[in-house]
Amino acid sequence: DFRLASVLQQRLRTRGLASGMIVPLMQSIMRTGTQGTAAMQMLGDLVISEGEWYQSPDNLGEIMRLHLRTHHVNPALFEYVVDRLDIAFDAFGEDNVRELVSAFSNMRYKSPALFECFAHHLPARLHELSWWTVVDIGEMYYVFDVRDEEVVPRIANEIWKMVFLMKYAYIAKSLKIL
């Protein structure tokens with residue numbers, strides 16, 4: 001793992017790397033079968049440094065999904081993604097938000113900044129989200145025992161309105177949340 005990271009660092013210094021190559025590199029690390037935590041950490045640090053390493057919301061969602069698959073927690077990267085979400089919430093698609101929520105929930109990473117971002121943006125946007133995304137966000141609030149007096153009742157209202165449309169395990173999840 002450390003050898004892979006050192007080889008990557010050496011290649012990056014000598015040949016450079018386009019910002020569009022960060023996600024494919026992370027995917028390649030996943031395919032090697034190793035955890036690749038040092039390499040994932042190094043690539044995450046490149047994303048944080050911005051400049052020429054700017055990543056689109058779609059790439060940030062994919063980066064979060066890859067971190068979930070490797071179970072690698074990079075707090076600085078996670079907080080950077082939350083900051084980007086707060087700044088450009090409209091640019092992040094529903095799938096990107098869901099990948100972020102899924103990664104934070106499944107890795108048990110509680111970010112107060114994420115809940116502040118949701119408190120700021122969700123009251124006006126919650127009704128636009130699909131039922132599975134609303135349930136996943138509600139489950140994250142439940143898992144981390146966050147009691148936001150404005151967001152939590154809205155989540156419950158949206159879930160109640162859509163409970164008859166739900167399929168599979170989401171019915172049980174929604175009942176747990178309510």
Spacing of [X] atom [atom1] and [Y] atom [atom2] [to the nearest 0.5 Å]:
{"X": "Met140", "Y": "Asn106", "atom1": "CE", "atom2": "CG", "answer": "11.5 Å"}
{"X": "Asp148", "Y": "Glu116", "atom1": "CG", "atom2": "CD", "answer": "10.0 Å"}
{"X": "Arg65", "Y": "Glu99", "atom1": "CZ", "atom2": "CD", "answer": "6.5 Å"}
{"X": "Tyr109", "Y": "Leu114", "atom1": "OH", "atom2": "CG", "answer": "10.0 Å"}
{"X": "Leu100", "Y": "Asp136", "atom1": "CG", "atom2": "CG", "answer": "11.5 Å"}
{"X": "Asn74", "Y": "Tyr80", "atom1": "CG", "atom2": "OH", "answer": "12.5 Å"}

Using 4.0 Å as the upper bound for N to carboxylate O, is an ion pair formed by Arg154 and Glu150? yes

Neighbour count above 12 (heavy atom, 6.0 Å) for Phe144 CZ: yes

Report yes if the side chains of [X] and [Y] come closer than 4.5 Å at any heavy-atom pair, otherwise no.
{"X": "Asp95", "Y": "Thr133", "value": "no"}
{"X": "Val135", "Y": "Ile159", "value": "yes"}
{"X": "Phe78", "Y": "Val73", "value": "yes"}
{"X": "Val152", "Y": "Arg147", "value": "no"}
{"X": "Ile87", "Y": "Arg84", "value": "no"}

Can a donor-acceptor pair be found, under 3.5 Å and without considering hydrogens, that links the side chain of [X] to the backbone of [Y]?
{"X": "Glu94", "Y": "Ser130", "answer": "yes"}
{"X": "Asn96", "Y": "Phe92", "answer": "no"}
{"X": "Ser105", "Y": "Val101", "answer": "yes"}

List the atom of Leu68, the atom of Ser102, and the distance in Å for their closest heavy-atom pair. CD2-OG, 3.6 Å

Just list the side-chain donor-acceptor pairs under 3.5 Å for residues 117-127, sequence neighbours left out, or say none.
from	atom 1	to	atom 2	distance (Å)
His121	NE2	Asp86	O	3.1
His121	NE2	Asp86	OD1	3.0
Arg125	NE	Glu128	OE1	2.6
Arg125	NH1	Asp90	OD1	2.4
Arg125	NH2	Glu128	OE1	3.4

Derivation and outcome, ring pair (Phe, Tyr, Trp, His ring centres under 6.0 Å), residues Phe115 and Tyr141: CA-CA 8 Å; Phe115 293 107; Tyr141 273 81; 4.9 Å; yes

Run Ile63 and Val81 through side chain to side chain contact (heavy atoms under 4.5 Å, CB included) and show every step you take. CA-CA 10 Å; Ile63 288 168; Val81 172; 5.8 Å; no

